[in-house]
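Contents: one structure, followed by commentary.
Throughout, a chain's letter reflects where its sequence line sits, starting with A, and its residues are numbered from 1. Hydrogens, waters and symmetry mates play no part in the numbers below; they use all other heavy atoms, side chains included.
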Protein chains: 2
Amino acid sequence: MTEPHTWPTGRLLSVAARLVEHSWQRFLATRDLTHAGLIVLHLLADGPCSQRSLAQSARVTDQTMSRTVERLHRAGYVSRDADPHDRRRTIISVTGEGREVHAEALRAEREDPQVLGAVQDYEALRGQLVELVMSLGVDRAVDLRPPAEPD
Amino acid sequence: MTEPHTWPTGRLLSVAARLVEHSWQRFLATRDLTHAGLIVLHLLADGPCSQRSLAQSARVTDQTMSRTVERLHRAGYVSRDADPHDRRRTIISVTGEGREVHAEALRAEREDPQVLGAVQDYEALRGQLVELVMSLGVDRAVDLRPPAEPD
DNA sequence: GTCAAACGTTCAGCGGGCTGAACAATATCC
DNA sequence: GGATATTGTTCAGCCCGCTGAACGTTTGAC
């Protein structure tokens, strides 16, 4: 059971995620950024956005997004302004520096064959992951497993 | 950029991992277990093992494994004994209860079509993940990215 | 206008990754 | 034997997920 091919799929995914994210460490650390912040910059590329919809798009809780945005703001990559129409809301916009570092990241990922080149059909893998995320991520609130025989 | 298919692959993997792990929550919570503990039970199925090699097999640091094993021990799923031949080492063995809950988990994963059934070719996905983990995970210590133009 | 419900955000605290540093036990070199 | 690695584990502390609870704002029922 010590070989990966016998592992539960969830574990396989999380280990793979950490390995890939680890390969970004040097890039991110030198820019006072983490991958949690990076995906926010990615999501903001289309334009400003409320913090809540940011959380929903990124598939994290509002609380987690709150903290991530706070760090991004401290690093100078996003700005936070109150929505004049609904003062509960905070509108997040990317700054020039944020746009810059995001562009760098996109370039780095595109020119990054050595890390993920190990996988035979990289695009197929991505396709299946997208499928998985889209089908399971539509409503994170639901309980995916049935009551599960309560012993 | 708000659609998953444009996300960095690392993010895709970690979101997918969380979604799949989330689907195990009910199973695990009712058994005082987490997926970090579950993979340890999985690795111990072949027999007892030092804590360090457990960490290496699971692709986590010794420190993380130390904490995970401590929780498993508190839950009564593993026992920890000093190695008589090398008193630095702690030998971890699974208990009867541990073996039981692991068997339940294996059964649950096998009978679990609805969660991951969304993916077209589930086995192919697993195969690619295994490939990724094996090729990147052989030596976690190496820096995978080159020096990355230091500005 | 007022009260209650819903919404958006934050605070507190936990699990699970990580790094860096400390420590005991072992191995090695003289 | 004694000084010096090296190994296995743990402690402190960080980031990023999570839940539960609190707070202010808005909306809606009355």
Side-chain angles (χ1 to χ4, degrees), chain A residues 10-11 13-26 28-29 32-40 49-56 58-75 80-92 137 140-141 143, chain B residues 10-11 13-26 28-29 32-40 49-56 58-75 80-92 137 140-141 143:
Chain A
R11 185 68 188 184
L13 283 163
S14 76
V15 169
R18 264 183 295 123
L19 289 171
V20 172
E21 286 173 353
H22 182 79
S23 70
W24 280 82
Q25 207 161 278
R26 187 188 297 262
L28 294 172
D32 192 14
L33 191 64
T34 64
H35 64 273
L38 184 59
I39 186 64
V40 172
C49 192
S50 88
Q51 188 167 299
R52 176 155 233 242
S53 47
L54 226 40
Q56 288 171 339
R59 267 76 169 176
V60 300
T61 59
D62 298 340
Q63 297 94 310
T64 296
M65 186 50 71
S66 174
R67 202 169 40 185
T68 301
V69 166
E70 202 265 330
R71 288 194 223 282
L72 274 173
H73 183 232
R74 226 169 31 205
R80 319 178 51 188
D81 308 284
D83 184 337
H85 302 306
D86 184 343
R87 289 180 45 226
R88 290 173 300 187
R89 246 186 273 196
T90 310
I91 301 292
I92 316 296
R140 316 188 63 257
D143 260 307
Chain B
R11 185 68 187 184
L13 283 164
S14 75
V15 169
R18 264 183 293 125
L19 290 170
V20 172
E21 286 172 354
H22 182 80
S23 71
W24 279 83
Q25 207 161 280
R26 186 187 299 260
L28 294 171
D32 192 15
L33 190 66
T34 64
H35 62 272
L38 185 58
I39 185 65
V40 172
C49 193
S50 89
Q51 188 167 298
R52 175 154 235 244
S53 48
L54 226 41
Q56 288 171 339
R59 267 74 169 177
V60 300
T61 58
D62 299 338
Q63 297 94 312
T64 296
M65 185 51 71
S66 173
R67 203 168 42 184
T68 301
V69 166
E70 202 265 330
R71 287 194 224 282
L72 273 174
H73 184 234
R74 227 169 31 207
R80 320 178 50 188
D81 307 285
D83 184 338
H85 302 306
D86 184 342
R87 290 179 47 228
R88 290 172 300 187
R89 247 187 271 198
T90 310
I91 301 292
I92 315 296
R140 316 187 63 260
D143 259 307

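The nearest whole Å value for the distance from the CD1 atom in Ile39(B) to the C1' atom in dG17(C) is 15 Å. Taking atom CZ of Arg18(A) as the reference point, atom C1' of dC15(D) lies 14 Å away to the nearest angstrom. Nucleotide dC14(D) holds its C1' atom 12 Å from the CD atom of Gln25(A), rounded to whole Å. In this entry the distance linking CD of Glu21(B) with P of dG15(C) reads 16 Å, nearest Å. dC16(D) atom P lies 11 Å from atom CE of Met65(A), rounded to whole Å. The CG atom of Leu72(A) sits 13 Å away from the C1' atom of dC15(D) (whole-angstrom rounding). Distance CG (Asp32(B)) to P (dG15(C)): 10 Å, rounded to an integer number of Å. Per the geometry, CG belonging to Leu54(B) stands 13 Å off C1' belonging to dT9(D), to the nearest Å.
Summarising the geometry, atom CE belonging to Met65(A) is positioned 10.0 Å from atom CD belonging to Gln56(A); distances are rounded to the nearest 0.5 Å. Rounding to the nearest 0.5 Å gives a distance of 13.0 Å between CG of Leu72(A) and CZ of Arg67(A).
For the pair Ser50(B) and Arg67(B), nearest-nucleotide mapping onto DNA chain D gives the more 5' position to Ser50(B). Each of Ser66(B) and Thr68(A) was matched to the nucleotide of DNA chain D holding its nearest heavy atom; the match closer to the 5' end belongs to Ser66(B). Taking the nucleotide of DNA chain C with the nearest heavy atom to each of Asp62(B) and Arg74(B), the more 5' of the two is matched to Arg74(B).
Residue Thr90(B) places no side-chain N or O under 4.0 Å from the OP1 or OP2 atom of dG8(D). Between Gln63(A) and dG8(C) there is no side-chain polar atom (N or O) within less than 4.0 angstrom of OP1 or OP2. In this structure, Arg89(B) does not reach the dT9(D) phosphate: none of its side-chain N or O atoms is under 4.0 Å from OP1 or OP2. Listed pair Arg80(B) / dT10(D) meets the phosphate criterion, a side-chain N or O lying under 4.0 Å from OP1 or OP2. Between dG16(C) and Thr64(B), no contact under 4.0 Å exists linking OP1 or OP2 to a side-chain N or O. Between Arg11(A) and dG17(C), a side-chain N or O to OP1/OP2 separation shorter than 4.0 Å is present. Phosphate contact (OP1/OP2 of dT9(D), side-chain N/O of Arg52(B), threshold under 4.0 Å): absent.
A donor-acceptor pair is defined here as one N or O able to donate and one able to accept, closer than 3.5 Å; such a pair exists between the side chain of Arg11(A) and the backbone of Ala58(B). Arg71(B) places no side-chain N or O within 3.5 Å of a backbone atom of Thr34(B) that could act as its donor or acceptor partner.
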Decide yes or no on side chain to side chain contact (heavy atoms under 4.5 Å, CB included) for Arg74(B) and Glu70(B), but give the supporting numbers first. CA-CA 6 Å; Arg74(B) 227 169 31 207; Glu70(B) 202 265 330; 3.4 Å; yes
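Of the listed nucleotides (dT19(D), dG17(D), dT19(C)), dG17(D) has the atom at the smallest distance from the side chain of His35(A).
Minimum heavy-atom separation, Asp62(B) to Ala55(B): OD1-CB, 3.5 Å. When every heavy atom of Ala75(B) is checked against every heavy atom of Asp32(B), the shortest pair comes out as CB-OD2, 3.6 Å.
With sequence neighbours excluded, the residues that form a salt bridge (charged side-chain N to carboxylate O under 4.0 Å, His left out) with Arg88(A) are Asp86(A).
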Enumerate the protein-to-nucleotides 22-28 of chain D contacts in which both atoms are nitrogen or oxygen and the separation is below 3.5 Å.
unit_1  : atom_1 : unit_2   : atom_2 : d
dT26(D) : OP1    : Arg87(A) : N      : 2.8

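Residue-level contact check: Glu70(A) touches neither bases nor backbone, having no heavy atom under 4.0 Å from any strand. Counting non-hydrogen atoms under 4.0 angstrom, Thr34(B) reaches the backbone sugars and phosphates but no base.
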